[in-house]
Amino acid sequence: MPISWNEIRDRALAFSREWATECSEDAEAKSFWDSFFNVFGITRRRVASFEAPVKKDDGHGGFIDLLWKGVLLIEHKSRGKDLDRAARQAFDYFPGLKERDLPRYVLVSDFARFRLYDLDNNEQHDFPLADLSKNIKLFGFIAGYQTRSFGQQDPVNIQAAEKLGKLHDLLKSSGYYGHPLEVLLVRILFCMFAEDTALFERCQFQDYLEQRTAEDGSDLGMHLAKLFQVLDTAPERRSAALDEQLAAFPYVNGQLFSETLPISDCTRQMREALLDCCALDWSRISPAIFGSLFQSIMDTTARRNLGAHYTSETNILKLIHPLFLDELWAEFHKVKRNRNQLFEFLKKLAHLTFFDPACGCGNFLVIAYRELRLLELEVLRHVRQSDQLMLDVFQLIGVNVDQFHGIEIEEWPARIAEVALWLTDHQMNLKVSEEFGQYYARLPLKKAPHIVHGNALRIDWNDVVPAYRLSYLLGNPPFLGKSLQSAAQKEELASVFHDIKGAGVLDYVAYWYRKAAEYIANQPHPHPNPPLEREGTKTTIDAFKLLPFQGGGREGDGVKAAFVSTNSITQGEQVGILWPDLLRRGIRINFAHRTFQWNSEARGKAAVHCVIVGFALSDAPEKIIFDYDTPKSEPHAIKATNINPYLVDGPDVVLNRLSKPLCAVPSLVYGSKPVDGGHLLLSEADKLELLSKEPAAERWIRPFMGSEELINSISRYCLWLVECPPDEMRKMPYVLARVEAVKEMRLKSSKEPTRQAAATPSVFGELRQGNSSYLAMPEVSSELRLYLPIAYLTADIIASNKIYMLHNATLYHYAVLSSTMHNAWMRAVTGRLESRYQYSAGIVYNNFPWPEPTDKQQSAIETAAQGVLDARAKFPTSTLADLYDPLTMPPELVKAHQVLDRAVDAAYACTEPSRSGKTAFKTEAERVAFLFERYQQLVAPLVGVETKGKKRKP
């Protein structure tokens, strides 16, 4: 157990005074360093050896003055000697050391001066012996005090995955696999972490393995089994004849070592692999990455790309800050000058409960626990400042791992979550120890996190933690689109959404929202806490320990929840299926992160685009939307009156998929769908090759255009044989061969409509072309563009099903669809393909609330629209992608669109009396809120869904 910092400083002062005399004999060096280690409460000979033999890079042998394998190398010189030369000599020893024995620190000294090299952080510290006490925290690694700031890209994370993965592979190949292997690796991980963070003595686990097991590894499994048994046995129950080295290990408890495992048969390779693992500094690995680490260990493919499975702390903090952390810190700052209120606040922290119903390896719970402990530590600092006579601040530490609950469908991640929380608890205890100068640890483990191994969609969450006891529900449930769901998962969907029509299109994550709504809406109410009693007017430590928490209970506040989710549940058709049910159940959205990119360390890993939705059964006093200029940019917070299911500031309405427009405008339809296996489609090269063999086919070849072709002016063609006479077709054998291939493809299809279309193989499977020009709109477009790239096309250009067609479109229709009003609406409600906009006629166009302009306003709108077309015409060689790229959009076109926007905005202003005289919208959020109000005027509100904060217009 580490001694306190106060005692270490006192010992350092005494050491400096003792060795301040003019001693310079090398013979005294051993005494000097033995005394130096004693400053930190460490017996030098337990961890480090004098005159360790080593073979230098030049082939000659040498002796290291003092070596603590994997930790510290010391080179000592006589007083006044050159420390630069001493350092060069120290580093010359490195090539002769095993990789696992290479030190993190190098220390050179001449009795009077110290120079410490921190090789991981690339730092050098020089100071005289007299200043040792002032620099004592540089040597915290000797005493066991090491506080870390963890980086997800720290190379040690990858090294740990590779080294522990190698051990995993060796054990598995020997026939040791499955549950026993998973539990064995979890225990080994705990032991390695424990000896690097002062739960065990430094190198205690590694020393036992090196000193007590045979080099051929034949008895390694037996020794591990014996050690695990000792760790699970209380000291008073241990045998009096127990080996002294084993008896020195502490009692761990916590059920971590209680299960008896089969003894593994080990080899020399396995022993070396385990010792290589022990040589790593496991204190540098954040428990938040343990889950990712173990996932990579179990999967050799994932091991090569550890970051692919890592949820960054930055993204986790995006959820927990607005869910609870910001509010708790604000409350602390409000009460920190009132001693009694600080005690109440400490008690509140110790009574909060957290639940992740899809916890995986516990990343969200680990970070939430760490942040709660950091807040508690800040409170303890203020309590200590307000009462300098308080001797035992450790009695006030109340936050513990048993406040954290989870459900995980796989067993080993559930166990990792428990261990990660315990290890995080110990890391925070080390921070407390460092802060208050006295070692604090919770060993044996008396409290445990409550992680249930089970299917969250099939068990009652109240059996894990009753809703009335819960403070916060949080997590990152799995994302899985409808086409990727298994039969079992679809069955789960049917059981959860048994009363919702069309639920089959929902993403898998939607199930957790429905379960959460049912869970928090049906919470029973416990008996209220008894009144808080006090000893006079001052709360004592003993009173703090005995009295229940008063105030801030769940009875009045209710559960607050937040999930990370795929953005598809807040866009497109899924909104109209999922959210009416949630709103009817009383769910209110209190904060939200709009679409952002879920970070991954993996190179080449496809980006995941997510949202975060914070919700409860009551409205928060202040609602916040975190918006992103692009999915990769930083968020900016926007205060909102109400947050609707599209995560915009507007009334709680949802859009159903309509078959025709809400307003009196032409219908928007898909283009024609080939359903041809590619046999009727031609590239430029295909076209030239076909015409070289069959010149007569030229009459029946038409330009073919989808989203990509429209936006990027790509030349593509198709065989359009709708009106081709049979006799003429028969004279074109190469065309007939393509038609025959279409027929064969359709006949082999598993879809009945496709097989029926084999009766007419010469034409597209779905025909919608028409005989007049039309307005073409791409189905998919980049999220970076401010405007959808829309264009007029002539009737001879065949539109694919990746283009929407608006027949009989006037300049007025083109104008409104090109306006910022329509684009803002589209961005708010449309679905997305990754982060790109995926336009929908049924959701976006048919529900769009068009303006009702006067004749004068319509004329101004049409004039402005022509101005946009004229500006585009000045750049005949530029594609729509060129023209509407925000970086290359011509100034003339920018100005033309601004003129158009003012004209369209003016038409909307006359539609809404409250905007009389206001023709400009300050923000896109203001536009979207206005459009939702306009939409409400055009349709009846959803049955049973109240609108928030706005008086409904008749």
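All heavy atoms count here, side chains included; hydrogens, waters and symmetry mates do not.
Partners of Ala214 according to the side chain to side chain contact (heavy atoms under 4.5 Å, CB included) rule, which considers only residues two or more places apart in sequence or in another chain, are Asp216, Ser218, Asp219. Applying the side-chain hydrogen bond (donor to acceptor under 3.5 Å, both in side chains) rule to Gln204 yields no partners; only residues at least two apart in sequence or on another chain are considered. The salt bridge (charged side-chain N to carboxylate O under 4.0 Å, His left out) test applied to Arg88 returns no partner, not counting sequence neighbours. Considering only residues two or more places apart in sequence or on other chains, Lys81 meets the salt bridge (charged side-chain N to carboxylate O under 4.0 Å, His left out) condition with none of them. For Ile42, the side chain to side chain contact (heavy atoms under 4.5 Å, CB included) criterion is met by Phe37, Phe40, Val47, Ile142, not counting sequence neighbours. For Val54, the side chain to side chain contact (heavy atoms under 4.5 Å, CB included) criterion is met by Ile64, Tyr93, Leu97, not counting sequence neighbours. Annotation: side-chain hydrogen bond (donor to acceptor under 3.5 Å, both in side chains) contacts of Arg187 (sequence neighbours excluded): none. For Asp265, the salt bridge (charged side-chain N to carboxylate O under 4.0 Å, His left out) test picks out no residue, with sequence neighbours left out. Gln211 pairs by the side-chain hydrogen bond (donor to acceptor under 3.5 Å, both in side chains) definition with Gln245, not counting sequence neighbours. Residues passing the salt bridge (charged side-chain N to carboxylate O under 4.0 Å, His left out) test with Asp425, sequence neighbours excluded: Arg373, Arg442. With sequence neighbours excluded, the residues forming a side chain to side chain contact (heavy atoms under 4.5 Å, CB included) with Glu371 are Leu317, Ile320, Leu325, Ile367, Leu374, listed by chain and number.
Side-chain contact, Lys447 with Gln403: no donor N or O sits under 3.5 Å from an acceptor N or O. For the residue pair His179 and Glu259, a side-chain donor N or O sits within less than 3.5 Å of a side-chain acceptor on the partner. Arg115 and Ser109 form no side-chain donor-acceptor contact under 3.5 Å, judged by distance and modelled atom types alone. Under 3.5 Å, the side chains of Gln124 and Asp126 contain a donor-acceptor pair of N or O atoms.
Residue Asp243 forms a salt bridge (Lys or Arg N to Asp or Glu O under 4.0 Å) with just one option from Arg212, Arg238, Lys226, and that option is Arg212.
The backbone N or O of Pro449 lies less than 3.5 Å from no partner atom in the side chain of His405, so there is not a single donor-acceptor pair. His450 places a side-chain N or O within 3.5 Å of a backbone atom of Val464 that can act as its donor or acceptor partner. Remark: side-chain polar atoms of Gln89 are not paired, donor with acceptor, to backbone N or O of Glu75 under 3.5 angstrom. With hydrogens and angles ignored, the 3.5 Å screen pairs a side-chain donor or acceptor of Ser239 with a backbone N or O of Ala241. With hydrogens and angles ignored, the 3.5 Å screen pairs no side-chain donor or acceptor of Glu51 with any backbone N or O of Asp65. No donor-acceptor pair under 3.5 Å is formed between the side chain of Thr213 and the backbone N or O of Glu210.
Salt-bridge check for Glu313 with Arg370: passed, with a basic side-chain N closer than 4.0 Å to an acidic carboxylate O. Here Lys77 does not pair with Asp82 in a salt bridge; the nearest charged N to carboxylate O distance is not below 4.0 Å. A salt bridge is defined here as a Lys NZ or Arg NE, NH1 or NH2 lying under 4.0 Å from an Asp or Glu carboxylate O, and Asp110 with Arg113 meets this definition. Under 4.0 Å is where a charged nitrogen must lie from a carboxylate oxygen, and between Glu408 and Arg415 no such pair does. In summary, Lys98 and Asp101 do not engage in a salt bridge, as defined by a charged side-chain N under 4.0 Å from a carboxylate O.
The aromatic rings of His76 and Phe32 sit tilted, their planes meeting at an angle between 30° and 60°. Classification of the Phe141-Phe139 ring pair by plane angle, with boundaries at 30° and 60°, yields tilted.
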For a ring-ring contact (aromatic ring centres under 6.0 Å, His included) check, start with the C-alpha distance between Phe228 and Phe190, then their side-chain angles and the critical distance, and finish with the verdict. CA-CA 11 Å; Phe228 296 158; Phe190 180 90; over 10 Å; no

List the steps, then state whether side chain to side chain contact (heavy atoms under 4.5 Å, CB included) holds for Trp282 with Leu423. CA-CA 11 Å; Trp282 289 85; Leu423 298 182; over 6 Å; no

Atom pairs and distances, side-chain donor-acceptor, residues 9-16, under 3.5 Å, sequence neighbours left out:
| from | atom 1 | to | atom 2 | distance (Å) |
| --- | --- | --- | --- | --- |
| Arg11 | NE | Glu7 | OE2 | 3.3 |
| Arg11 | NH1 | Asn38 | O | 2.6 |
| Arg11 | NH2 | Glu7 | OE2 | 2.8 |
| Ser16 | OG | Ala12 | O | 3.0 |
| Ser16 | OG | Leu129 | O | 2.9 |

